[in-house]
Number of protein chains: 2
Amino acid sequence: MDEDLSKTVAAFRQLVTTINRAKTHGMLTEAAGVQLDRPDVQILVHLLDAGGPRRVGAIAEGLQVESPHVTRHVSSLERRGLLTRVKDPEDGRAWQIALTEEGADAAARCRRVTVEWFGAAISDWPVADRAELQRLLSKLSDDLCVHLQSRLADSSVR
Amino acid sequence: MDEDLSKTVAAFRQLVTTINRAKTHGMLTEAAGVQLDRPDVQILVHLLDAGGPRRVGAIAEGLQVESPHVTRHVSSLERRGLLTRVKDPEDGRAWQIALTEEGADAAARCRRVTVEWFGAAISDWPVADRAELQRLLSKLSDDLCVHLQSRLADSSVR
DNA sequence: TATTGTTATACTCTATAACTATA
DNA sequence: TATAGTTATAGAGTATAACAATA
């Protein structure tokens with residue numbers, strides 16, 4: 001068993017644990033000045049990142065959750081005026097979910113606060129290390145997702 | 001707003017999303033040949049990493065959760081024979097939680113499967129990149145945790 | 001009186017199944 | 001008949017509060 005690899009996984013596990021704490025989310029939403037639960041924030045920021053309206057199914061796929069989960073939060077966010085549902089002109093079954101001005105504003109604040117928090121934590125890193133972190137994390141994200149897909153495909157075939 | 005930094009955060013978010021999927025946990029436990037939920041696995045592997053018995057409070061602190069959560073899962077794992085509770089000889093209020101042979105075995109399989117999965121995903125990386133990943137992830141984990149502590153302290157003072 | 005752990009309870013997050021409407 | 005989305009339901013995960021026993 002590779003010793004370095006074990007350390008990498010341990011560090012990663014620690015990181016995920018910290019991110020998932022309720023207190024971490026509370027700190028970020030307080031700083032962003034919003035009262036939104038985690039799925040709410042994920043959906044809003046996803047729409048902001050997408051740069052335009054998206055279907056419920058596309059949001060669910062992007063966030064890797066099932067669509068009923070998205071439906072419930074979209075309904076709640078619509079009631080609060082943070083996004084709107086518009087009939088898809090090309091498919092009568094589908095909806096396009098779009099951020100309102102207020103929703104885009106909240107999403108932008110959440111995203112900014114997160115990036116700032118992350119940035120502050122590594123602010124004293126050498127520039128080269130920060131660049132490497134970006135390159136390696138992106139690569140890791142891609143490779144781990146692809147690898148997981150094939151593993152999941154394997155076990156479902158069996 | 002730093003463009004590289006945004007990319008780093010986006011990659012990181014994607015990674016956390018993938019890790020947290022129910023299917024990912026299902027794939028890993030199937031490969032390890034165990035039927036344990038996520039908190040169960042976390043507690044067992046934590047005890048294995050610790051290298052010896054630990055108190056409920058210490059486990060809770062290590063996993064960054066509240067102690068009642070640990071109590072419930074420890075009780076269930078004890079009933080299943082994967083760990084034992086022993087009175088702390090130095091403090092009558094406390095318990096030392098220890099892995100049984102079977103528990104240590106299950107923990108080792110879970111940990112090994114996770115590390116192997118992770119390792120397989122980056123198996124074709126250059127050696128230098130893997131070393132850098134380990135170094136940078138460890139540093140990131142430390143810095144993000146420390147930085148979060150100070151942020152949490154700030155907001156609770158206010 | 002402070003601390004360790006447990007019990008009781010409730011809330012958050014997410015999945016599955018059954019259904020409706022359109023394609 | 002297949003697909004997009006919704007409604008209904010259930011389960012996993014975690015926190016808070018109240019309590020017990022010991023320090």
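Quick note: numbers below take in every heavy atom, side chains included, and nothing from hydrogens, waters or symmetry partners. First the proteins, then the strands, lettered A, B, ... as listed; each starts at 1.
In this structure, A/D88 atom CG and D/dG5 atom P are separated by 8 Å, rounded to whole Å. Taking atom NZ on A/K23 and atom C1' on D/dA15, their separation rounds to 10 Å, with Å as the unit. Note: CD (B/Q35) to C1' (D/dA12) measures 15 Å, nearest angstrom. Summarising the geometry, the separation between CD on A/E61 and P on D/dT3 is reported as 14 Å, rounded to the nearest angstrom. Between the CG atom of A/L83 and the P atom of D/dG5 there is a distance of 14 Å, rounded to whole Å. Rounded to whole Å, the distance from CD1 on B/I43 to C1' on D/dT14 is 12 Å. D/dA12 atom C1' lies 14 Å from atom CG of B/L36, rounded to whole Å. Atom NE2 in A/H69 sits roughly 15 Å away from atom C1' in D/dG5 (whole-Å rounding).
Open room surrounds CD on B/E61; 12 or fewer heavy atoms of other groups in view lie less than 6.0 Å from it. The neighbour count for A/K23 NZ, taken as heavy atoms of other residues, nucleotides or ligands under 6.0 Å away, does not exceed 12.
Within 4.0 Å of A/D91, counting heavy atoms only, lie sugar-phosphate atoms of the nucleic acid but no base atom. Across all strands shown, B/R38 has heavy atoms under 4.0 Å from sugar-phosphate atoms exclusively, and none from any base.
In this structure, the nucleotide among D/dT14, D/dA21, D/dG5 sitting nearest to the side chain of B/Q42 is D/dT14. Between D/dA15, D/dG5, D/dG13, one nucleotide has an atom nearer to the side chain of A/T71 than all others, and that is D/dG5. Comparing D/dA15, D/dA4, D/dG5 by their nearest atom to the side chain of A/V56 picks out D/dG5.
Of the residues listed (B/V34, B/L77, B/D105), the one engaging B/L82 in a side-chain contact (heavy atoms from CB on, under 4.5 Å) is B/L77, and it is the only one.
Nearest-nucleotide positions on DNA chain C for A/H73 and A/G92 put A/H73 closer to the 5' end. Place A/H25 and A/P68 on DNA chain C by their nearest nucleotides, and A/H25 ends up nearer the 5' end. Residues A/A22 and A/W95 both approach DNA chain D. Their nearest nucleotides, taken by heavy-atom distance, put A/W95 toward the 5′ side.
One finds the CD1 atom of B/I122 at 5.5 Å from the CG atom of B/L133 (value rounded to the nearest 0.5 Å).
Hydrophobic clustering, with ILVMFWY side chains joined whenever heavy atoms are under 4.5 angstrom apart, keeps A/V113 apart from A/I43. Cluster annotation: A/V16 and A/L136 are assigned to the same hydrophobic cluster (Ile/Leu/Val/Met/Phe/Trp/Tyr, side-chain heavy-atom contacts under 4.5 Å, transitive).
Ion pairing between B/R130 and A/D4 fails under the 4.0 Å rule for side-chain N and carboxylate O.
Nucleotides of DNA chain C that come within less than 4.0 Å of any heavy atom of chain A span, from the 5' end to the 3' end, C/dC13 to C/dA23.
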